[in-house]
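Remember, it's 1-based here, ligands and their atoms both numbered in the order they're listed.
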Amino acid sequence: MTRVSTAAAPTFRFDRSATPVEANERAARLVDPGFGRVFTDHMAVIRYTEAEGWHDAKITARAPITVDPSTAVLHYAQEIFEGLKAYRLDDGGTALFRPDANARRFNNSARRLAMPELPEELFLQSCRQLVATERDWFPQIEGGALYLRPFMFASEAFLGVKPSSDYLYMVIASSVGAYWKGGARAVSIWVSQDYTRAAPGGTGEAKCGGNYAASLLAQSEAIRQGCDQVVFLDAVERRWVEELGGMNVFFVFDDGSMVTPPLTGTILPGITRDSIIRIARDQGIEVREELYGIDQWRADAASGRLTEAFACGTAAVVTPIGEVAGVDGRFTIGGGGTGQLTQRMLDALSAIQRGRAADPHGWLQRLD
Ligand SMILES: *Cc1c(COP(=O)(O)O)cnc(C)c1O
């Protein structure tokens, strides 16, 4: 059942920051922004109360917020988020990539976390208006973009265990360069044996902060084992490859076909994942959504049947997986570098996102 607010969409008030970052200081920050460290001058805010529904929508100066120590989110983690990018196109315009898909997924997450849905148009408007306000914050560097982080949390000051009656929805924007320091080299991943990310009936397909909190220890273990990222197996059989902490995964075979794990409820339905499936099929590549076991992965890598593997998500786009390590030892995929098909998917997706290629599915939403 969808529970969409029928209240009239509030219009956004605009309070311009009285203390924006000065132009030369901003330019300095945009030289090498990294990921998620450089923030813009404004943010979008919309409030929700049971009595008033969604109201008080505004674009306002980015600033700390004050919350009561009993605020529900601090105790019971009722919080969801999204991540999407705005791109500056070659003709100077700006565009969002599939924001409607993020708006829909946000509401799927809201339902799972017993939160009110945000009318899609409000989600879209909050993103569009923030990008329009922050046009000067696009880094003019390779891989540069404005990363938007919409999120919503339980803001009621109450320690009772129940869905909150009040919520705060916000969007902040971060000027980003390439996700990986030092460029898109192949990453090594650690197969988590002791920890799982999501169980059937749990919150694995919702984009909620709690999933990340539960994955951090496994990620730390991966680092301790000398790997870059963790990959999780399913919680029931501890056998089927699900995804990384924050990226979906694809396998490429010597017959030119690809496999990605199916969305059975414990995997986050990535928009990059969906885009790659469609791009690949448009190119005549066979993509199967089917279970793939860790033992099979090791065997196929050894026999050469598996030639490439890559992870994908909005932040890092497409990242080749060069090596896999676990309690049963290590194995290398292909030559341990960036495979041909991996590169082809990255190039094809990036070209659409930056308006340099045809956009047959209408994914790019121009703002100006
Ligand atoms: C956000 C996310 C992804 C990737 O989703 P995109 O829409 O492609 O950015 C994959 N896995 C997890 C756990 C995520 O939170």
Side-chain angles (χ1 to χ4, degrees), residues 35-36 77 79-87 96-110 112-113 123 127 143 145-152 171 174 176 178-180 184 187 189 192 195-199 202-219 222 228-235 240-250 260-280 287 289 309-319 321 342 345-346 348-350 352-353 361 363-365:
F35 185 88
E79 188 268 356
I80 59 171
F81 66 95
E82 272 301 325
L84 67 163
K85 278 179 177 169
Y87 298 92
L96 286 165
F97 184 72
R98 304 190 68 181
D100 48 320
N102 294 94
R104 278 195 300 277
R105 187 171 66 188
F106 192 67
N107 281 337
N108 290 339
S109 300
R112 181 61 184 85
L113 276 283
F123 181 98
C127 294
L146 203 58
Y147 178 83
L148 303 183
R149 168 53 60 86
F151 61 105
M152 179 193 347
V171 190
S174 176
V176 300
Y179 188 79
W180 304 105
V187 296
I189 61 174
S192 182
Y195 309 109
T196 57
R197 194 192 80 90
T203 56
E205 65 183 347
K207 209 168 172 74
C208 60
N211 288 343
Y212 278 75
S215 75
L216 296 177
L217 187 57
Q219 173 63 24
D228 300 299
Q229 290 280 313
V230 62
V231 64
F232 290 100
L233 303 179
D234 79 289
W240 307 111
V241 180
E242 295 213 314
E243 62 172 311
L244 276 56
M247 284 186 278
N248 295 114
V249 64
F250 280 83
T260 191
L263 301 178
T264 51
T266 50
I267 290 180
L268 197 288
I271 295 161
T272 316
R273 173 190 180 278
D274 182 73
S275 305
I276 286 171
I277 291 174
R278 294 215 235 168
I279 288 171
V287 185
E289 293 180 75
F310 63 87
C312 67
T314 297
V317 194
V318 168
T319 303
I321 298 170
T342 301
M345 291 299 112
L346 173 60
L349 180 57
S350 306
I352 295 174
Q353 289 171 333
H361 304 288
W363 286 338
L364 212 54
Q365 290 199 4

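Taking a cutoff of 4.0 Å between a charged side-chain nitrogen and a carboxylate oxygen, E205 and R112 do not qualify as a salt bridge.
Heavy-atom distances between G245 and ligand 1 reach below 4.0 Å in at least one pair.
Within the 4.5 Å cutoff, no side-chain heavy atoms of W240 are placed close to those of I267.
Of the N or O atoms in N248, none lie within a sub-3.5 Å distance of an N or O in ligand 1. Remark: ligand 1 and R105 share an N or O pair separated by less than 3.5 Å (distance only, no angle test).
Among protein heavy atoms, atom 1 (C) of ligand 1 sits closest to K207 NZ, 1.4 Å. Summary of contacts: the protein heavy atom closest to atom 8 (O) of ligand 1 is T272 OG1, 2.6 Å. Among all protein heavy atoms, the one lying closest to atom 9 (O) of ligand 1 is T314 OG1, 2.6 Å. The protein heavy atom nearest to atom 5 (O) of ligand 1 is G270 CA, 3.4 Å.
Atoms CD1 and OG1, from I277 and T272 in turn, are 11.0 Å apart once rounded to the nearest 0.5 Å. With rounding to the nearest 0.5 Å, the separation of CZ in F106 from CG in L84 is 11.0 Å.
No donor-acceptor distance shorter than 3.5 angstrom exists from the side chain of E242 to the backbone of R197, with no hydrogens or angles considered.
Closest heavy-atom approach to atom 11 (N) of ligand 1 among the candidates E82, E243, K85: E243. The nearest non-hydrogen atom to atom 10 (C) of ligand 1, considering only G313, P269, G209, G246, comes from G246.
Ring planes of F250 and F310: parallel class, angle under 30° (limits at 30 and 60°).
Residues F81 and C208 approach most closely at CE2-C, 3.9 Å, considering heavy atoms.
In L268, the part holding a heavy atom less than 4.0 Å from any atom of ligand 1 is the side chain.
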